[in-house]
Amino acid sequence: FETRSGTLVVERGADGNHVMSLPSDPVVPYDVQDGLAKQIGEALGVSAPDELHKGRYILGVWNDPKQVRAIKDAGDIARVLRPFDIWGFIATAQGDEGYDIVSRFFAPDKGVPEDPVTGSAHCALVPFWAKRLGKKTLKARQASPRGGDLLCTDDNGRTILSGPCALYMTAEIEI
């Protein structure tokens with residue numbers, strides 16, 4: 001894939017999963033005093049996140065993974081993010097049900113009310129949770145309605161994502 005981050009290569013792993021290495025997106029605490037956490041919770045129909053962090057997107061951390069799983073849809077999150085000139089929101093919590101982390105990703109102003117499984121969101125999630133949990137490799141669940149599982153590795157400024165993929169198109173372009 002040719003992207004703004006450069007060329008991204010997807011390889012078939014020995015286990016049949018597909019593997020991609022992406023640049024990590026470290027986040028920093030985002031301490032805003034205007035009630036943003038409360039607005040986010042209200043926009044998504046759940047309690048306010050317990051922490052906010054910021055990288056490319058705003059990352060909301062809940063102490064209870066049930067809150068992340070309970071989000072029904074993007075709600076009014078786009079309106080809440082616009083004044084901060086941010087178009088993407090990651091909802092996350094330490095995992096349950098055998099996962100290290102659980103997450104959701106919303107970008108309605110980019111035409112993606114909720115992305116089913118988001119590589120760029122995991123570029124922030126993996127270094128954040130790897131440090132917090134003291135683990136280099138994490139089992140992640142993106143709990144969107146379609147959902148997806150990823151095996152993620154924090155690799156010195158790179159985020160390695162591995163998971164099953166479905167072939168949906170084969171094409172040739174002739175110029």
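In this text the structure is predicted, and so the values were computed from the model without any measurement. Residue numbers count from 1 along this sequence.
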request  = Can you see which heavy atom on Ala140 is nearest to which on Cys152, and at what distance?
outcome  = CB-SG, 4.0 Å
task = Apply the side-chain hydrogen bond (donor to acceptor under 3.5 Å, both in side chains) test between Trp129 and each candidate in Asp154, Asp100, Thr92; give the one that qualifies.
result = Thr92
ask   = So, are Lys139 and Asp149 salt-bridged, with charged N and O less than 4.0 Å apart?
value = no
query = Considering the options Lys66, Arg69, Arg141, which one meets the salt bridge (charged side-chain N to carboxylate O under 4.0 Å, His left out) requirement together with Glu97?
reply = Arg69
ask   = Hey, are the side chains of Tyr99 and Gln142 touching, using non-hydrogen atoms and a 4.5 Å cut-off?
value = no
request  = List the atom of Thr118, the atom of His122, and the distance in Å for their closest heavy-atom pair.
outcome  = O-ND1, 2.8 Å
query = Remaining members of Val117's ILVMFWY cluster at a side-chain heavy-atom cut-off under 4.5 Å?
reply = Leu150
request  = Name the orientation class of the two ring planes belonging to Phe106 and Phe89 (parallel below 30°, tilted from 30 to 60°, perpendicular beyond 60°).
outcome  = parallel
inquiry  = I'd like to know if the side chain of Asp50 and the backbone of Asn63 have a donor-acceptor N/O pair within less than 3.5 Å.
reply    = yes
task = Determine whether Gln94 and Pro65 make a side-chain contact, defined as any pair of heavy atoms from C-beta on separated by less than 4.5 Å.
result = no
ask   = With no hydrogens and no angle check, do the side chains of Asp25 and Tyr57 hold a donor and an acceptor under 3.5 Å apart?
value = no
key: side-chain contact (heavy atoms from CB on, under 4.5 Å), paired with Val19, selected from Thr153, Leu161, Ile160   = Ile160
inquiry  = Can you tell whether the side chains of Arg104 and Glu114 come within less than 4.0 Å, N to carboxylate O?
reply    = yes
ask   = So how far is it from Asp109 CG to Ile77 CD1, rounded to the nearest 0.5 Å?
value = 10.5 Å
query = Which atoms form the tightest heavy-atom contact between Pro127 and Ser24, and what is the distance?
reply = CG-CB, 4.0 Å
note = So NZ of Lys54 and CZ of Phe84: to nearest 0.5 Å the spacing works out to 10.5 Å
message = Tell me whether Asp76 is salt-bridged to Arg79, with the criterion being a basic N under 4.0 Å from an acidic carboxylate O.
response = yes
note = Apart from Ile173 itself, members of its ILVMFWY cluster (side-chain separation under 4.5 Å) are Ile175
inquiry  = Please report the interatomic distance CZ(Phe105) to CG(Asp115), rounded to the nearest 0.5 Å.
reply    = 6.5 Å
ask   = CZ/Arg132 to CG/Leu125 distance, rounded to the nearest 0.5 angstrom?
value = 11.5 Å
ask   = Closest approach of Ala143 and Val102, non-hydrogen atoms and distance?
value = CB-CG2, 3.8 Å
query = Which value, rounded to the nearest 0.5 Å, describes the distance between Ile90 atom CD1 and Ser103 atom OG?
reply = 7.5 Å
Heavy-atom side-chain proximity of Leu81 to Trp87 below 4.5 angstrom = no
query = With the 4.5 Å side-chain cut-off for hydrophobic clustering, are Val68 and Phe128 part of the same group?
reply = no
ask   = Can Ile58 be reached from Val80 by stepping across I, L, V, M, F, W or Y side chains whose heavy atoms are under 4.5 Å apart?
value = yes
request  = Determine whether Ile71 and Ile86 fall in the same hydrophobic cluster, where Ile, Leu, Val, Met, Phe, Trp and Tyr are linked whenever their side-chain heavy atoms lie under 4.5 Å apart.
outcome  = yes
query = Given side chains that start at C-beta, do those of Leu52 and Leu59 come closer than 4.5 Å, heavy atoms only?
reply = no
ask   = Shared ILVMFWY cluster between Val27 and Leu133, side chains joined below 4.5 angstrom?
value = yes
query = Cys123 versus Thr159: any side-chain heavy-atom pair under 4.5 Å?
reply = yes
For residues 36-47, which side-chain donor-acceptor pairs fall under 3.5 Å, sequence neighbours excluded?
{"from": "Gln39", "atom 1": "NE2", "to": "Asp34", "atom 2": "O", "distance (Å)": "3.2"}
{"from": "Ser47", "atom 1": "OG", "to": "Gln67", "atom 2": "OE1", "distance (Å)": "3.0"}

